[in-house]
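For the single chain, residues carry numbers from 1 onward in sequence order. Values in this document were obtained by computation on a predicted structure and should not be read as measured data. These values consider heavy atoms only, across backbone and side chains, with no hydrogens, waters or symmetry-generated copies.
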Amino acid sequence: MTQPTQSIALLRQPAPPLLLPNHLNVPIDLDSFRGRSAVVVYFYPKAGTAGCTTQACAFRDEYEAFRDLGAEVIGVSSDSVDELRAFAASNRLPFILLSDEHSHARRSWGVPNDLWLLPGRVTYIIDRAGIVRHIFRSAIHMRKHIDVAANFLREIAHEHP
């Protein structure tokens with residue numbers, strides 16, 4: 001699947017703003033991670049659906065490995081804070097979920113719809129300096145988002161911020 005044009009334009013650029021409420025209704029600002037850790041931001045269609053649950057649980061199962069690589073994981077969807085709270089609790093998700101109910105972040109990050117109607121599934125790897133270093137898009141290969149992100153983080157692990 002080809003990368004969205006606007007999304008590709010983000011490569012090697014500062015990550016767009018991302019300030020949204022998390023699943024506990026606490027505002028989270030992506031800028032707060034700059035200088036502290038790399039960040040894997042993954043946009044997914046809908047909490048609680050089969051594919052999104054598979055993807056979230058795969059990130060959960062590898063969460064400590066991401067932390068060992070110096071990265072935080074942030075999932076973003078258009079679900080409400082309440083829906084995300086239930087999703088996080090029912091799947092024991094240890095990472096941040098953000099509510100983008102009006103899809104403003106999705107649009108500013110260039111995340112397209114898949115199959116012309118479903119919100120797209122795109123993962124961005126942002127380095128400690130806040131620069132988008134890698135983008136992966138696949139609507140159907142949920143597990144590959146985790147593998148691609150971890151492998152890329154390993155590649156850049158020895159770079160200096």
Whether F59 and Y42 hold their rings parallel, tilted or perpendicular, with breakpoints at 30° and 60°: parallel
With R67 via salt bridge (charged side-chain N to carboxylate O under 4.0 Å, His left out) - residues at least two apart: E72
Atom of A88, atom of L97 and distance for their closest heavy-atom approach: CB-CD1, 3.9 Å
Interatomic distance, I96 atom CD1 to L20 atom CG [nearest 0.5 angstrom]: 11.5 Å
CZ on F33 to CG on L18, rounded to 0.5 Å: 9.5 Å
Side-chain donor or acceptor of R128 paired with backbone N/O of A38 under 3.5 Å: no
Any donor-acceptor pair under 3.5 Å from R106 side chain to Y44 backbone: yes
Aromatic plane relationship, Y63 with F95 - under 30° parallel, 30 to 60° tilted, over 60° perpendicular: tilted
Qualifying residues under side chain to side chain contact (heavy atoms under 4.5 Å, CB included), relative to V81, sequence neighbours excluded: P21, N25, R85, S99
Sequence-distant partners of N91, side chain to side chain contact (heavy atoms under 4.5 Å, CB included), two or more places apart: T53, C57, R60, F87, L93
Exam field: side chain R107 to backbone H102, donor-acceptor pair closer than 3.5 Å: yes
Main-chain N/O of E155 paired with N151 side-chain donor or acceptor, under 3.5 Å: no
W109 and F43 aromatic ring geometry - parallel, tilted or perpendicular at 30°/60° bounds: tilted
